[in-house]
Amino acid sequence: MIARALSVNWIQIEVSDEAWQRSLAIHPDLDLEDTLDAISSPDEIWRGKDGKLYVVRHCAEGKYLIVVYTEDKEAGNFVDAFYSNKPRTPEMKEQL
């Protein structure tokens, strides 16, 4: 594990080195601190069709950071993060 962030549900979300490196390989512009901040203080929270949580952080005009993670009653795990020019993806089903 390389980092943790406390979600808005007071659950520790762990970012494993493997998951972070996998995300960086696809999205080399990612910043770990920005990702952790998005988990802790998102502008929007969505539940995905797959049950994962998607948090959105408005970065700059027309740019959004979307972070995907899983969460249960005791712990959570980072899945992916990416920048988008849209605040929502097709996988995001229900706004919380």
Side-chain angles (χ1 to χ4, degrees):
M1 177 192 55
I2 61 170
R4 285 185 197 178
L6 190 62
S7 76
V8 295
N9 296 323
W10 296 91
I11 303 295
Q12 286 286 338
I13 308 302
E14 293 187 356
V15 181
S16 71
D17 186 49
E18 179 184 337
W20 182 248
Q21 292 304 319
R22 186 176 54 243
S23 289
L24 277 181
I26 300 167
H27 315 287
D29 56 340
L30 283 175
D31 179 80
L32 182 59
E33 287 302 316
D34 289 345
T35 301
L36 298 174
D37 288 345
I39 292 169
S40 297
S41 184
D43 294 318
E44 298 177 25
I45 305 170
W46 293 78
R47 182 167 315 283
K49 295 175 184 177
D50 52 8
K52 295 176 184 152
L53 293 175
Y54 292 71
V55 294
V56 180
R57 189 81 178 276
H58 303 244
C59 298
E61 187 68 32
K63 189 173 181 183
Y64 305 89
L65 173 60
I66 299 175
V67 181
V68 185
Y69 61 90
T70 61
E71 186 178 273
D72 62 27
K73 292 180 181 179
E74 297 179 16
N77 292 295
F78 168 84
V79 175
D80 197 8
F82 54 92
Y83 289 103
S84 176
N85 59 357
K86 297 179 182 179
R88 200 169 160 211
T89 69
E91 293 83 12
M92 297 161 73
K93 179 180 176 183
E94 172 189 16
Q95 189 169 13
L96 304 176

* Asked: Has the side chain of Ser40 got a donor or acceptor atom that lies under 3.5 Å from a matching backbone atom of Leu6?
  -> yes
* Asked: Got more than 12 heavy atoms from elsewhere within 6.0 Å of CD, Glu18?
  -> no
* For the atom pair CD1 (Ile39) and CD1 (Ile45), what is the distance rounded to the nearest 0.5 Å? -> 11.5 Å
* **Thr35 side, atom OG1; Tyr83 side, atom OH - distance, nearest 0.5 Å** => 6.0 Å
* Out of curiosity, does Val79 fall in the hydrophobic cluster containing Met92 (side-chain heavy atoms, cut-off under 4.5 Å, transitive links)? -> yes
* Same cluster or not: are Phe78 and Val55 linked, directly or through other Ile, Leu, Val, Met, Phe, Trp or Tyr residues, by side-chain heavy atoms under 4.5 angstrom apart? -> yes
* **Nearest-0.5 Å distance that lies between atom NE2 in His27 and atom CZ in Arg22** => 10.5 Å
* Structure fact -> In this structure, CH2 of Trp20 is separated from CE of Met1 (nearest 0.5 Å) by 14.5 Å
* To do: Please answer: with hydrophobic residues joined when any side-chain heavy atoms are less than 4.5 Å apart, are Val15 and Leu24 in the same cluster?
  => yes
* So which heavy atom on Asn9 is nearest to which on Leu53, and how close? -> ND2-CD1, 4.3 Å
* Asked: Is Arg4 paired with Glu14 through a side-chain N to carboxylate O contact shorter than 4.0 Å?
  -> yes
* To do: Calculate, to the nearest 0.5 Å, the distance between atoms CG and CD belonging to Leu96 and Glu44 respectively.
  => 11.0 Å
* Are Leu30 and Leu32 in one and the same hydrophobic cluster, where Ile, Leu, Val, Met, Phe, Trp and Tyr link if side-chain heavy atoms are under 4.5 Å apart? -> yes
* Structure fact -> Between Ile11 and Gly76, the two heavy atoms sitting closest are CG2-N, 3.8 Å
